[in-house]
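These numbers come from the heavy atoms of this one structure, side chains and all, not from hydrogens, waters or symmetry mates. Whatever order the structure lists ligands and atoms in, that order sets their numbers, starting from 1. Sequential numbering from 1 along the given sequence is applied to the chain's residues.
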Amino acid sequence: MMSKKVIVIGAGFSGLSAATSLADQGYEVTVLEKNATPGGRARSFEADGYTFDMGPSWYWMPDVFESYFNKFGKSVSDYYDLVRLDPSYTVVFGENDFVDLPASLDELKALFEQWEPGSAARLDQFLEQAAYKYEVGINQLVYKPGRSVTEFMSLRLLLDVLRMDVFQSIHTHIRRFFSHEKIIKLMEFPVLFLGALPQNTPALYSLMNYADISLGTWYPLGGMYKIIEGMVQLAEEKGVSFLYNQDVKEIEVEQGIARRVRTATGMFEADVVVASADYHHVERQLLAPELRSYTEDYWDKRVMAPSCLIFYLGIGKKLSNLRHHNLFFDEDFGPHAHEIYTDPKWPAKPLFYVSAPSVTDASVAPEGCENLFVLMPVAPGLEDTEALRERYYDLIMERLEHLTKQDVRSAVVYKRTYAHRDFIADYNAFKGNAYGLANTLMQTALLKPSLKSKKVKNLYYTGQLTVPGPGVPPSLISGQVVAKEIAKEYAPGQRLPVSN
Ligand SMILES: Cc1cc2nc3c(=O)[nH]c(=O)nc-3n(C[C@H](O)[C@H](O)[C@H](O)COP(=O)(O)OP(=O)(O)OC[C@H]3O[C@@H](n4cnc5c(N)ncnc54)[C@H](O)[C@@H]3O)c2cc1C
């Protein structure tokens, strides 16, 4: 019997995960990717002896990666070498005021205790609850396809959901345990990964603190792109075909069924289509208006996670006073957050983040040099010009030099900038978003854009704009969830009748 043909649009984390999961179940899978290399937002590039990861730099939730490879009888260690970072990261609060976050829980508790007596014991309590949320959240909730309320109808799960503070904000939750300003900043930081303000993020997401503090910050030697290389290798081992430089232009639909996918240079027959490219782009650009599940008004009302301005810098010398991950929280987050979420505009006094993977890994920079990835979160949908990028380059570099007490700019031997226009050109990103849809309460589970089209029977979606949400681990999970949904409706071995 001929296997069903599945076309996956896009070779980012979610597309790779869906393609591999489907091939493993016996489908004939082809991935069509518009760019010349896989990885999507997690691509990498080389320049002047430096290897830059273009997107993700934080490797959190190592269990999610391990269970992904285990599903196929493999292990992370078959594809790349992981090291745990210690300190996990550094937070710069101001001039001569910074803290290294130790990987050891006991050392972290001692640090908290110095700032706020009694906070070490409260951290234990906080983490006990957070561990429970992680267990239920990551092992049960995020693997739900979010298609029907009945998925959440088991009594145990309902009780679990109620116990998980879904309706209280993480902002309030953290303040019930801690009052010291620095502790609050540290505890609110992981929530920023979810793309919304702590005030608008359910306390369920204290599971992110568990991921940060208890599970730790890891790094794949060679860079984050090693994960992509490993996933592509595994996909190919399972029989997935990859076609690059294939910009999909249209999903051809007949009587409510997707039949073919047309790229700039070819036509591909499909029994099932999985779109892992940005949801809005697929709906607006690849489908006729009557086949779209959501209106433009719906999309306009979505809370997007931020976009960002990035500088990839090759530094022709070694720098001091920098760790692998460095958070510059020397300005108040309130006004910057307001300029991201409430009154979108380029920020007056931004917070920023610097990753220096060459601190851990000599392979990503020439000898005696430093590889820097500098990121400033910014609202999506803003005007993005060279002049603006340069203005922020000066502003950030000035602060970086001042706070780390060294000259950096004169040692820059390679520089590339990246922002909204690039996200749109490279990934067809809605409003130039970097991280997809924010994880607010009103955009959780059932309330996210559905992973199955409402109008086209055999069209599915995966990735950071659908369930379970933005970030590498959720994207990995999203691909597995969609593959499972497809298997429920289309057995791999029966082809659909193909019309001419
Ligand atoms: C700067 C940055 C930093 C980040 N940092 C972290 C981090 O530290 N840790 C973390 O966990 N997460 C991080 N994230 C988030 C994480 O990278 C993303 O959530 C994840 O990579 C999204 O994967 P995806 O498969 O949903 O989408 P994508 O990676 O965007 O994949 C979609 C793919 O579809 C392709 N495509 C688009 N249109 C078409 C078309 N018409 N035809 C064919 N192909 C098409 C795109 O080229 C792309 O390859 C970061 C993201 C960014 C941008």
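- With a heavy-atom cut-off of 4.0 Å, Gln246 touches ligand 1 through its backbone alone.
- Listed by number with element, the atoms of ligand 1 under 4.0 angstrom from any heavy atom of His281 are 38 (N), 40 (C), 41 (N).
- Neither side chain, Ser307 nor Lys431, offers a donor N or O lying under 3.5 Å from an acceptor on the other.
- Listed by number with element, the atoms of ligand 1 under 4.0 angstrom from any heavy atom of Gly463 are 26 (O).
- Here Glu339 pairs with nothing under the salt bridge (Lys or Arg N to Asp or Glu O under 4.0 Å) rule; sequence neighbours left out.
- With respect to atom 23 (O) of ligand 1, the closest heavy atom belonging to the protein is Ser475 OG, 3.5 Å.
- Annotation for ligand 1: atoms under 4.0 Å from non-hydrogen atoms of Ser276 are 32 (C).
- Atom numbering of ligand 1 starts at 1 in the shown order; those under 4.0 Å from a heavy atom of Leu32 are 43 (C), 44 (N).
- By the criterion of a heavy-atom distance under 4.0 Å, neither the backbone nor the side chain of Leu465 is placed next to ligand 1.
- Heavy-atom neighbours of Lys484 NZ from other residues, nucleotides or ligands within 6.0 Å: at or below the threshold of 12.
- In the model, Ser21 has no side-chain atom that pairs as donor or acceptor with a side-chain atom of Gln480 under 3.5 Å.
- Among Tyr244, Trp60, Phe13, Trp58, the residue whose heavy atom lies nearest to atom 9 (N) of ligand 1 is Trp58.
- For ligand 1, the atoms lying closer than 4.0 Å to a non-hydrogen atom of Pro473 are 11 (O).
- Of all atoms in ligand 1, listed by their number and element, those nearer than 4.0 Å to a heavy atom of Gly40 are 29 (O), 48 (C), 49 (O).
- Residue-ligand proximity, Phe423 to ligand 1, at heavy-atom distances under 4.0 Å covers atoms 53 (C).
- Below 3.5 Å of separation, one finds no N or O of Tyr435 facing any N or O of ligand 1.
- Residue-ligand proximity, Ser14 to ligand 1, at heavy-atom distances under 4.0 Å covers atoms 24 (P), 25 (O), 26 (O).
- Looking from atom 5 (N) of ligand 1 to the surrounding protein, the closest heavy atom is Pro56 CA, 3.2 Å.
- For atom 47 (O) of ligand 1, the candidate residues are Arg43, Lys249, Glu33; the nearest heavy-atom contact is made by Glu33.
- Checked against His325 for a side chain to side chain donor-acceptor pair (under 3.5 Å), the options Tyr353, Tyr89, Tyr219 give a single hit: Tyr353.
- Both the backbone and the side chain of Val472 come within 4.0 Å of ligand 1, counting heavy atoms alone.
- Side-chain contact check for Thr462 and Ser478: at least one donor-acceptor pair (N or O, by modelled atom type) lies under 3.5 Å.
- Salt bridge present: Arg43 and Asp426 bring a charged side-chain N and a carboxylate O closer than 4.0 Å.
- When only non-hydrogen protein atoms are considered, atom 44 (N) of ligand 1 lies nearest to Lys34 N, 3.2 Å.
- Side chains of Asp271 and Tyr490: no donor on one and acceptor on the other come within 3.5 Å.
- Counting heavy atoms under 4.0 Å from ligand 1, residue Val248 touches it through both backbone and side chain.
- Within the 4.5 Å cutoff, the side chain of Leu395 has heavy atoms near those of the Pro350 side chain.
- When Arg41, Gln464, His325 are checked for heavy-atom proximity to atom 30 (O) of ligand 1, Arg41 turns out nearest.
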Salt bridge (charged side-chain N to carboxylate O under 4.0 Å, His left out) evaluation trace for Lys452 with Glu485: CA-CA 9 Å; Lys452 187 172 191 319; Glu485 285 305 289; over 6 Å; no

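- With hydrogens and angles left out, the side-chain atoms of Asp53 and Ser44 include no donor and acceptor closer than 3.5 Å.
- Residue contacts with ligand 1: Ala42 is excluded, as none of its non-hydrogen atoms falls under 4.0 Å.
- Note on ligand 1: Tyr59 sits outside its first shell, no heavy atom being nearer than 4.0 Å.
- Annotation: Gly471 places an N or O atom under 3.5 Å from an N or O atom of ligand 1; distance criterion only.
- Gln233 and Glu229 share no donor-acceptor pair across their side chains, judged by distance under 3.5 Å alone.
- Here's the thing with Asn35: one of its N/O atoms is less than 3.5 angstrom from an N/O atom of ligand 1.
- What sits closest to atom 36 (N) of ligand 1 on the protein, heavy atoms only, is Ala277 CB, 3.7 Å.
- Under the 3.5 Å distance criterion, with hydrogens and angles disregarded, a donor-acceptor pair is assigned to the side chains of Asn433 and Arg41.
- Counting heavy-atom neighbours within 6.0 Å of Phe311 CZ, excluding the residue itself, gives a total above 12.
- Between Ile310 and ligand 1, not a single N/O pair is under 3.5 Å apart.
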